[in-house]
Each structure stands twice: as structure tokens, then as C-alpha cells.
There are 2 protein chains.
Amino acid sequence: MHNAFTPHTSGDLNYLKSLNRSTILSTVRRSPGLSRADIALRTGLTKATVGSVVQALVERGWLREGELHSRGGGRPGRALYLDGERHYMLGAEVGVKGLRLVACNLLGVVLASIHQEEPPTDPATTAKRLAALLVQLRQAPGIADRRCLGLGVAVPGPVSPKAPILSLAPNLGWVDIDFLALLREQPDLPDGVWLLDNEANAAAFGEFYFFEGVPPESIAYISAGSGIGCGVVSGEHFPLVPRGHQGLVGEIGHTVIQPGGALCHCGNHGCAETLVSGWALREALHVDIDASLSHAVLTRAEDGEVQAVMKRAGEALGLLMLNLHHTLNPSMLILGGSLMKLGESLTGPALAYFGTHQNDLLRQSQTVPVKVIGDSTYVAARGAAAQVMARAAIEV
Amino acid sequence: MHNAFTPHTSGDLNYLKSLNRSTILSTVRRSPGLSRADIALRTGLTKATVGSVVQALVERGWLREGELHSRGGGRPGRALYLDGERHYMLGAEVGVKGLRLVACNLLGVVLASIHQEEPPTDPATTAKRLAALLVQLRQAPGIADRRCLGLGVAVPGPVSPKAPILSLAPNLGWVDIDFLALLREQPDLPDGVWLLDNEANAAAFGEFYFFEGVPPESIAYISAGSGIGCGVVSGEHFPLVPRGHQGLVGEIGHTVIQPGGALCHCGNHGCAETLVSGWALREALHVDIDASLSHAVLTRAEDGEVQAVMKRAGEALGLLMLNLHHTLNPSMLILGGSLMKLGESLTGPALAYFGTHQNDLLRQSQTVPVKVIGDSTYVAARGAAAQVMARAAIEV
DNA sequence: ACACTTAGTTAATAGCATTTACTAACCACT
DNA sequence: AGTGGTTAGTAAATGCTATTAACTAAGTGT
């Protein structure tokens with residue numbers, strides 16, 4: 001059971017308890033500072049139930065009591081917050097360009113991180129390398145005395161929905177890798193929940209789970225890097241990431257948006273990745289594989305050819321966003337991935353295209369909010385950690 | 001609460017009970033003839049729980065006991081089946097071309113149907129017309145003595161996920177219609193569950209819920225008619241239809257697959273509907289709005305121009321199927337809608353394109369099975385009835 | 001000082017699934 | 001025919017859960 005939320009089908013009393021515990025936790029996560037009475041009101045649970053569950057969660061270090069807030073007459077309620085002091089989750093991303101690791105607390109705050117810019121080689125060696133870094137990370141100040149809830153790993157390719165196995169990582173040349181099994185062979189790693197997920201899914205989950213501000217109803221996170229993928233999340237108390245039959249949900253890089261267009265490495269013509277992706281841009285701009293794409297683009301920003309290429313890529317991204325809106329209809333779009341370092345030159349045309357071509361299917365013409373994450377170095381790693389927390393909250 | 005399954009967030013003991021009841025019912029639905037012991041084994045519930053729930057379901061007319069089946073030594077189990085004799089659900093489709101109504105039993109068998117080929121006018125008049133037909137349908141032989149579980153209505157446009165309201169039906173000129181409220185004003189309609197859903201969603205749900213044969217893990221139902229839409233369903237015991245923020249999930253007709261292509265009525269260029277839809281084909285083939293499109297196509301099948309148009313449309317459909325596969329990744333695709341009456345001339349190129357362009361993203365190159373429904377007259381109406389059953393099963 | 005209001009806890013209660021022990025029904029072998 | 005073995009299903013008790021109802025706690029306003 002590798003997903004954060006594989007919905008239970010049948011239930012005993014234990015299940016009911018964990019359901020309510022998770023609900024209460026997520027209510028506090030989404031609205032910090034609520035009192036027990038507020039929670040009871042919002043969830044429909046009784047004061048007694050909320051009281052006993054909260055008590056257990058405070059004792060176990062998931063929740064902490066805060067200040068009193070009096071609202072008019074009556075006894076003031078005691079504010080409740082997620083306790084950021086007693087637990088942490090490990091999250092790691094095995095990226096095409098290197099390894100990223102974070103340890104973060106229940107609030108999503110990154111307590112420590114490691115970023116090692118060196119491409120993975122084979123799976124076993126990479127597992128060994130990652131394990132060593134994890135051990136190092138766990139020794140960071142202020143972490144050692146906390147309890148570890150588990151480890152989430154994000155990988156650059158589809159993960160089978162049936163088992164935590166990386167089906168394919170085209171940019172690493174890996175096929176059907178049981179990466180967690182390789183990790184388990186390494187010494188000194190923590191117990192707890194272990195999860196494996198696709199990079200875009202993990203990132204999407206994290207951005208949804210730890211969203212700052214009014215939580216959106218659902219999001220689609222577009223990860224534009226070497227390739228282009230997308231993760232979708234929705235669900236108030238139990239955020240769900242649809243994965244599909246083979247874990248291909250959101251593989252929008254290979255949706256065809258220009259029939260008869262350029263040849264993609266997948267064999268088809270006119271895939272989105274032929275227009276907007278790291279390798280497509282490198283090719284179009286004659287940037288070497290080792291050179292920095294963003295450096296090249298930003299220094300040659302005035303160059304007419306560069307502008308044309310970026311406009312074309314940006315508009316392709318905008319078109320992808322539109323198609324996504326009409327297929328998955330999230331309430332918010334988030335743009336991330338290494339390509340976002342290219343800044344306005346890419347996001348400008350994308351947002352312009354998306355804004356001007358949003359059709360008036362529904363009169364209300366609500367524009368879909370778009371959030372751009374400029375530096376998404378640790379987004380996927382933190383998202384993997386978020387999935388660990390969500391899963392651990394069910395078990396406690 | 002208009003969806004068949006709005007997931008509960010917090011639970012009392014009642015919820016637990018209905019969860020298990022639904023699980024047991026869906027186990028029998030998907031595998032008719034199981035014994036109590038089989039169900040206990042599959043669901044993880046204990047024999048005692050299954051026994052008591054089954055007893056209640058038999059008493060209420062949801063399940064019936066069948067033959068004994070002995071497997072080797074030991075007392076033989078008693079086969080269980082959904083009881084097709086004691087209940088029925090009403091399903092109706094308000095289509096662009098007319099009204100379709102069905103009454104079907106718990107097995108999905110259509111007990112009676114009415115098809116009135118006359119386009120709807122305004123919402124109130126249509127509600128009145130539909131209500132009269134519903135009254136008529138309920139008087140059909142073999143129906144009057146059953147209990148009605150409720151009524152589901154399918155409409156040709158997106159339904160708000162927040163409330164059972166038809167947001168927009170472009171082909172009817174209806175905007176923000178509370179159709180169920182209009183229906184409720186009519187006399188002699190049954191109590192029970194009342195639901196409203198988009199036509200493609202309802203059809204998808206029905207095809208999934210009452211699937212004949214080994215049930216697929218998830219399906220996408222592409223509805224190609226005047227416009228082109230799509231419904232998605234997945235979930236073993238609790239089939240879920242994602243609707244998205246505004247109920248636009250699956251509005252693939254307005255995904256752009258030919259940038260700079262023909263102008264769509266939505267204002268954009270190159271939408272899928274400009275290539276494959278009833279009105280696009282009529283335009284391309286100069287078929288009058290009142291004339292039969294399928295008649296024109298089938299009689300002029302040898303015509304080179306017709307073949308070219310159909311090939312282009314079919315390939316666009318195939319491309320849509322591919323993009324859907326990479327975005328939603330269902331384990332099965334179902335093609336339906338009035339356009340399927342055009343037969344091979346459309347599905348031929350579509351299936352050929354889909355088959356030859358399926359890329360080898362995952363080595364296993366499992367081809368996605370495609371099922372074509374030639375006559376989908378009552379598919380949406382029956383699907384709406386299926387949603388009623390699913391909802392009623394939770395409450396019983 | 002008092003009534004009033006809201007927050008939160010406690011003890012009793014009802015409902016659920018489970019456990020354990022039982023009965024029911026069939027097979028195979030003697 | 002009889003007996004032991006095996007599986008299906010039921011019944012009574014047990015333990016856990018959330019709810020109800022009654023309570024205490026802690027503030028405000030008059």
C-alpha cells in the first residue's frame with residue numbers, strides 16, 4: 001500500500017477512528033487555530049468525540065494547544081495547532097540532474113535539506129548514495145531528537161499504481177525499479193511509512209497539502225523540466241492523487257498538440273514535449289547538454305531568435321494549461337519545474353495565451369488562478385514528505 | 001447532495017454500517033453468485049458481519065438467494081444475486097434531439113423505455129413533458145408493483161459540482177437551470193433519490209456500474225454527438241466520477257488539437273469539436289440540420305470527399321483518445337454517442353490511429369481495450385438510473 | 001453578585017464489528 | 001449405514017466507538 005490514501009473499502013471500528021482522527025487533523029491543518037468546538041461544528045462530530053481525539057493527538061505530539069480566543073460571551077476556546085516540534089518526515093527526490101532531500105515538520109516547514117547536483121547512475125548505486133545523504137540529514141541540529149514518521153521518495157517517471165515500483169524513467173534509462181527495496185538494504189534508515197511516487201504527483205501533493213493561504217479545492221501542478229508532467233490533487237480531508245491504470249495520469253508531455261509536428265523520442269509527432277521541455281529548448285537554442293539553459297536564455301534575452309523560440313514554447317505551455325483545464329478542471333494551476341527558472345520569457349507567453357484563450361464555456365468566466373513557482377528545487381522532495389505525513393496520520 | 005458518491009468526511013456508526021453494506025452489495029454486483037463466505041473472504045469482513053448485512057439486504061429485496069454450490073468437501077454455500085424483481089430506478093436523458101427514459105432493475109436490465117424524438121424547448125415546458133412521460137413509464141406492466149428508488153436525469157452540459165444545477169447547455173440555449181426543481185413542481189412523481197448529471201458522466205457511470213463481463217478498473221466514456229464530451233469513472237466499490245471545480249472534467253471537445261485550425265463556436269481555433277462532432281461533420285459534408293447525418297454518410301460512403309472527411313474526423317477522434325490515455329489513463333475506453341451510428345467510416349480511422357500511435361512509454365505496451373457502442377440511445381438514461389441505485393444503496 | 005453564554009469534560013447509553021462457540025450440511029472413507 | 005473431516009452459516013458475548021445528557025469551567029454583561 002504505497003499511496004498516501006488508498007481508500008478503504010470495508011471498515012471496522014479502527015477504520016472509523018482513524019477516519020475521524022485524520023479529519024480532525026486536516027481540519028486543523030487547513031485552518032490553524034480552531035478550537036475543539038469549532039472543529040466539532042465544521043466536521044459534524046460531537047464535542048465529546050473531538051475532545052477525546054484531540055486529547056490523544058496532543059499527547060502524541062501531533063497537535064499543540066495555543067492561546068485562548070474569546071468571541072463575545074462565554075468561555076473562550078483554546079486554539080489548536082499542528083505541533084511542529086515533535087515529529088519530522090523525510091522526503092527525497094531522485095532527479096535527472098541530482099538528488100534533493102528534505103526533512104520537514106508537520107507544518108511543512110523544511111528543517112534541513114541537502115541538494116547534491118550530480119546525476120544518478122544505476123539504481124543500486126543511487127540508493128546507496130541517497131541512503132548516505134539521508135543518514136547525514138538526520139544528524140542535522142534539531143532533528144535527531146524528533147520522531148521520524150517515515151520516508152517518501154519522488155522519482156522522474158511513472159510509478160505503478162499497484163506496487164511502489166518505478167515503471168520507467170526515460171531520462172535515467174531505468175526500467176521497473178523497486179527503488180524502495182534497494183533503499184531498504186542500506187543501513188541506518190528510519191522505520192515508519194515508506195512511499196514512492198512520481199515527481200509531479202509528489203510535488204502536486206505537497207503544494208496542495210501545505211498550501212499557504214485559503215486552500216484550493218483541487219490543483220494541477222505542471223512540472224516542466226527535462227520532460228513535462230503533471231500531478232493532480234483534490235479532496236479536503238483526504239487528498240487524492242489519481243494515478244490511472246498504469247500511473248500515467250498527467251503524462252501530458254506526450255499529448256499531441258501539433259499533429260504532424262516534430263518527431264518526439266516517444267515515436268509520435270507533435271507531442272507537447274517537442275515544443276516545451278528542457279531538451280526541446282536546448283535543441284532549438286543550440287544549448288549544449290552540460291551548459292545552463294537558463295543562463296543561455298537570460299543572457300540572450302534580447303536575441304530575436306531566442307524570443308521567438310520562447311514565445312512558441314510558452315504558448316505551447318499555455319495551450320497545455322487550457323487543455324488541462326478542459327480535461328481535469330482543477331480550481332488552480334501551479335507551474336513548477338526547472339524550466340520556471342527561465343522566468344518571464346516562458347511564463348509571459350504562457351500566461352498570456354492561457355488568459356486570452358480561456359473560452360466562455362461557462363458564462364461566469366471565472367479565470368483559473370495560476371501560481372508560478374520560480375524555484376522548485378525542493379518541491380517534489382517536500383511533497384513526498386507530505387505524503388508520508390498524510391499516511392502516518394491515518395495510522396498514528 | 002446530488003452526486004452518487006460524495007465521500008463522507010467524518011463518520012459515525014451509521015456511516016460504517018452503510019459503507020459495509022455498499023461494499024457487500026457491490027461485491028455481489030461485480031461477481032454474481034458469491035456466497036456469504038466468499039464475500040467475507042474478499043472484503044475482509046467477518047462471516048458474522050456479512051451474515052447479518054446480507055440478511056437485512058435479502059429482507060429488503062436487494063439481494064436474493066440462489067442455488068447451492070458445493071466445492072469439494074464441506075457444507076455448500078448459498079449463491080447470492082442482486083434481486084431484480086423488487087425495485088426499479090428511473091433514468092431520463094434530456095438530449096438535444098429528444099427525450100429518452102428508462103426504468104431498470106438492480107441488474108441494469110431495462111424494464112421499460114420511452115424515446116420521444118422531439119427537441120426540448122424551454123426548461124419548464126420540457127420538465128412538464130418529461131414528467132408526463134415518467135408517469136406513463138411507471139404504468140408499464142411489471143413496474144407498478146415495484147418500489148421506485150428514485151430518478152436520475154442526464155443533461156447535455158456541465159452540471160455544477162456544488163449543486164444539482166445545469167450550468168450551461170449550449171445546444172439548448174439553457175443557462176443555470178435547476179431542472180430538478182422544475183420537475184418537482186410536477187405531479188405524480190416518485191420520492192427517493194433525485195440526481196442530475198451531465199450526459200457523458202451518467203453514461204460513463206452506467207457503463208462502468210453495469211459492465212458485462214470482468215469489470216474494468218476504470219473507464220473513460222467518450223460521447224461523440226452534436227458536441228464531444230467524456231466521462232470518467234473508477235473505483236471498485238464506490239465508483240467515483242471526477243467532476244472538477246466547475247464540472248468541466250472531460251470537456252474534451254474544447255481541447256485544442258490543431259492550433260490555428262478552424263474557428264470553434266467557443267471562440268478558439270482548432271478545438272476537437274471543429275474536427276469531430278455532429279455539427280462539424282454536417283458542415284463539412286453539407287448536410288442539412290434536419291437531414292440524417294448517418295443516412296447521408298452511409299449512402300455516400302463511396303464518395304471520395306466523404307471518405308476524406310470521415311478519415312480526418314476519425315483520426316482526430318483517435319488523437320483525442322490518445323491524449324485522454326496520457327492524461328487520465330483509464331484502463332478501458334468506451335466510444336458512444338450518436339456519431340457512432342456512422343459506423344466503420346468513423347471508428348475505422350479512429351481505432352487505426354489510436355492503435356498505431358500508441359507510444360511505448362511503458363515497455364509492456366499493453367494496448368488499452370476500446371469498446372464501441374453502436375446504439376447508445378438509452379446509455380445516458382440508464383447511467384442516470386445506475387447513479388440512483390448507487391446512491392440508494394448507501395442509504396437503503 | 002448574578003444571570004447568561006460558550007467551551008470542554010465526564011458518565012451512561014446505544015450501535016457496530018469482532019471473537020468464540022456453536023449448528024448445519026455436505027463429502028469421503030470405512 | 002456410520003463416522004470423521006471440512007466448510008457455511010448463525011448466535012451470544014465482548015470490546016470499541018460515537019452519541020447523548022448532564023455536568024464543570026470560564027468568560028461577559030447587568
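Computed over heavy atoms, backbone and side chain alike; hydrogens, waters and symmetry mates excluded. Computed from a predicted model, the values in this text were never measured in an experiment.
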For nucleotides 14-21 of chain C, tabulate all protein N/O to nucleotide N/O atom pairs closer than 3.5 Å, reporting atom names and distance.
residue, atom, partner, partner atom, Å
dA17(C), OP1, N20(B), ND2, 2.7
dT18(C), OP2, T46(B), N, 3.2
dT18(C), OP2, T46(B), OG1, 2.9
dT18(C), OP2, T49(B), OG1, 2.7

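Figure legend: cation-pi geometry between R382(B) and F210(B) absent, as NZ or CZ is not positioned both under 6.0 Å from the six-membered ring centre and within 45° of its axis.
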Legend entry - Where protein sits on nucleotides 24-30 of chain D, one letter per nucleotide: B base, S sugar-phosphate only, - none, heavy atoms under 4.0 Å: -BBBS--
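Contact of the H245(B) side chain with the M332(A) side chain is not registered, since no non-hydrogen atoms from C-beta on lie closer than 4.5 Å.
The closest donor-acceptor contact from the side chain of R146(A) to the backbone of G84(A) lies under 3.5 Å. With hydrogens and angles ignored, the 3.5 Å screen pairs a side-chain donor or acceptor of S26(B) with a backbone N or O of T23(B). Listed for the N105(B) side chain is a donor-acceptor partner under 3.5 Å among the backbone atoms of V109(B).
Rounded to a whole Å, the CG atom of L34(B) is 12 Å from the P atom of dA8(D). dA18(D) atom P lies 13 Å from atom OH of Y15(A), rounded to whole Å. Atom-to-atom, NE2 of H69(B) to P of dC26(C) comes out at 13 Å; the value is rounded to the nearest Å. With rounding to whole Å, R71(A) atom CZ is found 23 Å from dC4(C) atom P. Between the P atom of dT6(C) and the CD1 atom of I39(A) lies a distance of 19 Å, rounded to the nearest Å.
Ion pair R243(B)/D197(B) flagged as a salt bridge, since at least one NZ, NE, NH1 or NH2 atom sits closer than 4.0 Å to an Asp/Glu carboxylate oxygen. Classification of E65(B) and R36(B) as a salt-bridged pair holds, one side-chain N sitting under 4.0 Å from a carboxylate O.
The salt bridge (Lys or Arg N to Asp or Glu O under 4.0 Å) search around D38(B) returns R71(B), not counting sequence neighbours.
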